[in-house]
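Note sheet for the following structure.
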Amino acid sequence: MPAFFVCLFFLSTFAVHMGILYIVPTPVGNMEDMTFRAVRILKEADVVLAEDTRTSGILLKHYDIHNQLLSHHKFNEHGTSAGIVQRLLAGQTVALISDAGTPGISDPGFFLVREAVRANVRVECLPGATAFVPALVASGLPCDRFCFEGFLPQKKGRQSRINALRDEERTMVFYESPYRLVKLLQELFLAFGADRKVCVTREISKVHEQRVRGTLADALVHFTEIEPRGEFVIVVAGKDEKENK
């Protein structure tokens, strides 16, 4: 057999036995938001990577999933990713989950995906729960074009990033904790103006899901008077053309 065809044979055999990295979204609040496919993948995978094994253990127990959980988070992903890629190259199926939502969206995931892609490993991301999509669509603000900012830097580069968004015409999406929500609203108020439209959503998909719509001034007054609780998605209108005049 010519060497060329021998090489193709071994490459195809290797490809067949290479594993798959599945990125699996998990509920952001309501357990019913888990998909049938996600449950199946978590049951069938050789190993499940979890941001917090304690949190994910509750999820797996709820769906009667008995699988090995390995810790994979932002503090150890640079050290563990190489070993995980070797598992994938050896033919194992690996499922990556975060505490809630889609891994890689303000959660660990990007680094491992990048390393897997570099090793020519097959990567599949399942569609599923994420916090910013329902917050954006239900905000009442334009969602045909948007800018996802996630969590802003807590210190270095924070103000420069906000300043850079002053002329952004697309709808903007931010994540924030209850402890820094008022601070963020104050910063956006000063940078974008009191009348800029905003929708602040808390506890997506949970029992106490709530939206506060209005201007940045309205939202700032509301959450100054009422203590913020839960996780927040802040959807801010882009700069109107009239503001340029």
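Note that these values count all heavy atoms, side chains included, but never hydrogens, waters or copies made by symmetry.
Counting only N and O atoms by type, the side chains of N163 and S160 include no donor and acceptor under 3.5 Å apart. Between the side chains of D33 and S205, a donor-acceptor pair is found at a separation under 3.5 Å.
Contact check on E51 versus K74 returns no salt bridge, with no Lys/Arg side-chain nitrogen under 4.0 Å from an Asp/Glu carboxylate oxygen. A salt bridge between R229 and E203 is absent, with no side-chain N of the basic residue lying under 4.0 Å from a carboxylate O of the acidic one. Between R114 and E77, no side-chain nitrogen of the basic residue sits less than 4.0 Å from a carboxylate oxygen of the acidic one, so the salt-bridge criterion is not met. In this structure, E231 does not pair ionically with R180, as no charged nitrogen and carboxylate oxygen lie closer than 4.0 Å. Looking at R118 and E115, a side-chain N of the basic residue comes within less than 4.0 Å of a carboxylate O on the acidic one, giving a salt bridge. Salt-bridge annotation for R122 and E124: present, with a side-chain N of the basic residue lying under 4.0 Å from a carboxylate O of the acidic one.
Residues Y175 and F232 keep their aromatic ring centres 6.0 Å or farther apart.
Not counting sequence neighbours, the partners of Q92 by the side-chain contact (heavy atoms from CB on, under 4.5 Å) test are D46, V47, R87.
Checking side-chain atoms of N76 against main-chain N and O of H73 turns up a donor-acceptor pair under 3.5 Å.
Atom CG in L88 sits 9.0 Å away from atom CE in M18 (nearest 0.5 Å).
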ask   = Which is it for V39 and I65 under the side chain to side chain contact (heavy atoms under 4.5 Å, CB included) test, yes or no, and what are the steps along the way?
value = CA-CA 8 Å; V39 173; I65 299 171; 4.2 Å; yes

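Between L216 and G193, the shortest heavy-atom distance links the atoms CD1-O, 3.6 Å.
Grouping the Ile, Leu, Val, Met, Phe, Trp and Tyr side chains by contacts below 4.5 angstrom, directly or via other members, places L21 apart from L42.
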